[in-house]
Amino acid sequence: MVNIFVITYSTYGHINKVAESVVTGLKKAGAVVKRYQIAETLSDEILAKMHAPPKPDLPVIQAKDLVEADGFLFGFPTRYGTTPAQVKAFFDSTGQLWTKQALAGKPAGFFFSTASQHGGQEVTVFSSLPILAHHGMIYVPFGYANAHLFDNSEVIGGSAWGAGTIANGDGSRQPSQKELEIAENQGENFAKVAAKLTA
């Protein structure tokens, strides 16, 4: 069975909620899933002032752990159309893997969260692709594999680039049922692609 790591960074929990559905889809397709979170770089004092909830009880991913997986789904919110500093710091720690091309050929995808419909969901993934390219990893987009992506009757996060949610600027909006269904669909589809690549 294919071994997939779902690796997230989440300040207010929206991404972790989406990740639960991603994991459901991966397991539905027969993948073995391990959940990790990216280390926080903000102090407890700053997080308290931001009214951020406690972090989930998940192991913190280390660069050396990545070689154990057959593929990865990374989830994180956008920061001005790119990755949060915490995510960038993690990827910056993978230099030794890069020198050995230890992750080359491994599939990877993304899911994301923004404050608004036009808050940078697609460009966040686009700006992350150079990381995959330098490691020789294979980007697996979601495509328009779920009918909810064509639904314009309500606000729905996600796109061909991956599942997503809209959190509002104050974080008050939680992932909708349709967004969670898209995320589950992405997990299932990703597991099938990863299985083909590792066969």
Side-chain angles (χ1 to χ4, degrees), residues 1-10 15-39 56 58-77 83-84 86-113 121-122 124-146 158-165 179-199:
M1 290 187 289
V2 66
N3 182 28
I4 305 299
F5 285 7
V6 177
I7 303 169
T8 56
Y9 173 77
S10 188
I15 282 294
N16 289 326
K17 181 67 175 175
V18 175
E20 292 174 8
S21 292
V22 169
V23 168
T24 297
L26 287 164
K27 290 182 176 178
K28 186 176 178 181
V32 175
V33 183
K34 290 186 179 180
R35 278 283 282 117
Y36 291 94
Q37 63 183 325
I38 290 172
L58 293 169
V60 173
I61 189 71
Q62 305 294 325
K64 62 182 177 58
D65 300 327
L66 296 177
V67 296
E68 301 172 8
D70 296 314
F72 313 92
L73 279 169
F74 297 99
F76 45 81
T83 60
Q86 294 84 350
V87 177
K88 181 67 164 59
F90 169 70
F91 282 123
D92 284 351
S93 75
T94 62
Q96 288 190 338
L97 298 178
W98 168 74
T99 60
K100 300 174 183 176
Q101 285 294 283
L103 304 180
K106 293 180 184 284
F110 299 94
F111 55 100
F112 32 77
S113 171
Q121 291 199 353
E122 295 183 357
T124 297
V125 177
F126 190 77
S127 66
S128 301
L129 295 183
I131 297 167
L132 303 188
H134 281 257
H135 277 290
M137 298 167 74
I138 301 169
Y139 170 54
V140 180
F142 179 52
Y144 281 88
N146 188 291
S159 70
W161 298 81
T165 189
E179 290 170 341
L180 296 177
E181 289 173 9
I182 292 169
E184 181 176 336
N185 199 171
Q186 182 182 7
E188 186 175 2
N189 288 6
F190 184 86
K192 292 176 181 177
V193 172
K196 290 179 181 178
L197 290 172
T198 58

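In this chain, numbering begins with 1 at the start of the sequence shown. Below, each value reflects all heavy atoms present in this structure, side chains not excepted, and no hydrogens, waters or symmetry copies.
- What you find for Gly187 and Leu26 is that their closest heavy atoms are O-CD2, 3.1 Å.
- Two residues are said to be in side-chain contact when any heavy atoms from C-beta on lie closer than 4.5 Å; Lys106 and Leu103 meet this criterion.
- Heavy-atom minimum distance, Ser93 versus Ala63: O-CB, 3.6 Å.
- Among all heavy-atom pairs drawn from Leu73 and Gln186, the shortest one is CD2-NE2, 3.8 Å.
- Within the model, atoms CG of Leu129 and OG1 of Thr124 stand 11.0 Å from one another, a figure rounded to the nearest 0.5 Å.
- Rounding to the nearest 0.5 Å places CG of Leu180 at 12.5 Å from CG of Asn185.
- Looking at heavy atoms from C-beta onward, Thr165 lies out of side-chain contact with Lys17 at the 4.5 angstrom threshold.
- Gln96 CD: 12 or fewer foreign heavy atoms inside a 6.0 Å radius.
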Run the side chain to side chain contact (heavy atoms under 4.5 Å, CB included) check on Ile38 and Val60 step by step: do they pass? CA-CA 6 Å; Ile38 290 172; Val60 173; over 6 Å; no

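- Proximity of the aromatic rings of Phe112 and Phe76 is defined here by a centroid distance below 6.0 angstrom, and this criterion is not met.
- Between the side chain of Gln121 and the backbone N or O of Gly158 there is at least one donor-acceptor pair closer than 3.5 Å.
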Might you work through the side chain to side chain contact (heavy atoms under 4.5 Å, CB included) test for Phe142 and Asn189, ending with a clear yes or no? CA-CA 8 Å; Phe142 179 52; Asn189 288 6; 3.7 Å; yes

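- Side-chain contact between Ser10 and Pro77 is absent, with no heavy atoms from C-beta onward closer than 4.5 Å.
- With rounding to the nearest 0.5 angstrom, the OG1 atom of Thr198 is 11.5 Å from the CE atom of Met1.
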Checking side chain to side chain contact (heavy atoms under 4.5 Å, CB included) for the pair Trp98/His134: CA distance, chi angles, key distance, verdict? CA-CA 7 Å; Trp98 168 74; His134 281 257; 4.2 Å; yes

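- A tilted orientation is assigned to the rings of Phe110 and Tyr139, their planes being inclined by 30° to 60°.
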With side-chain hydrogen bond (donor to acceptor under 3.5 Å, both in side chains) as the criterion, how do Asp70 and Asn3 come out once you've worked through the C-alpha distance, each side chain's angles and the decisive distance to 0.1 Å? CA-CA 5 Å; Asp70 296 314; Asn3 182 28; 5.2 Å; no

Side chain to side chain contact (heavy atoms under 4.5 Å, CB included) between Val18 and Glu179: does it pass, once the steps are laid out? CA-CA 8 Å; Val18 175; Glu179 290 170 341; 5.9 Å; no

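- Across all their heavy atoms, Gln101 and His135 have their closest contact at OE1-O, 3.4 Å.
- Counting heavy atoms from C-beta outward, Thr94 and Ile131 have side chains that stay 4.5 Å or more apart.
- Ile15 and Phe111 make their closest contact through O-CE1, 3.8 Å (heavy atoms, listed as atom of the first residue, atom of the second, distance).
- Atom CD of Glu188 and atom NZ of Lys192 lie 4.0 Å apart (nearest 0.5 Å).
- Side-chain contact check for Phe72 versus Ile4: every heavy-atom pair is 4.5 Å or farther apart.
- Aromatic ring centres of Phe74 and Phe91: separated by under 6.0 Å.
- Contact annotation: the side chain of Asn16 approaches that of Arg35 to within less than 4.5 Å [non-hydrogen atoms, C-beta and beyond].
- With a 4.5 Å cut-off on side-chain heavy atoms, Phe90 and Leu66 count as touching.
- The distance from the OH atom of Tyr144 to the CD1 atom of Ile182 is 10.5 Å, given to the nearest 0.5 Å.
- Residues Tyr36 and Thr8 form no side-chain contact, since every pair of their non-hydrogen atoms from C-beta on lies 4.5 Å or further apart.
- The minimum heavy-atom distance linking Gln37 with Pro56 is given by the pair NE2-O, 3.0 Å.
- In this structure, the separation between OG on Ser127 and CD on Glu122 is 12.0 Å, given to the nearest 0.5 Å.
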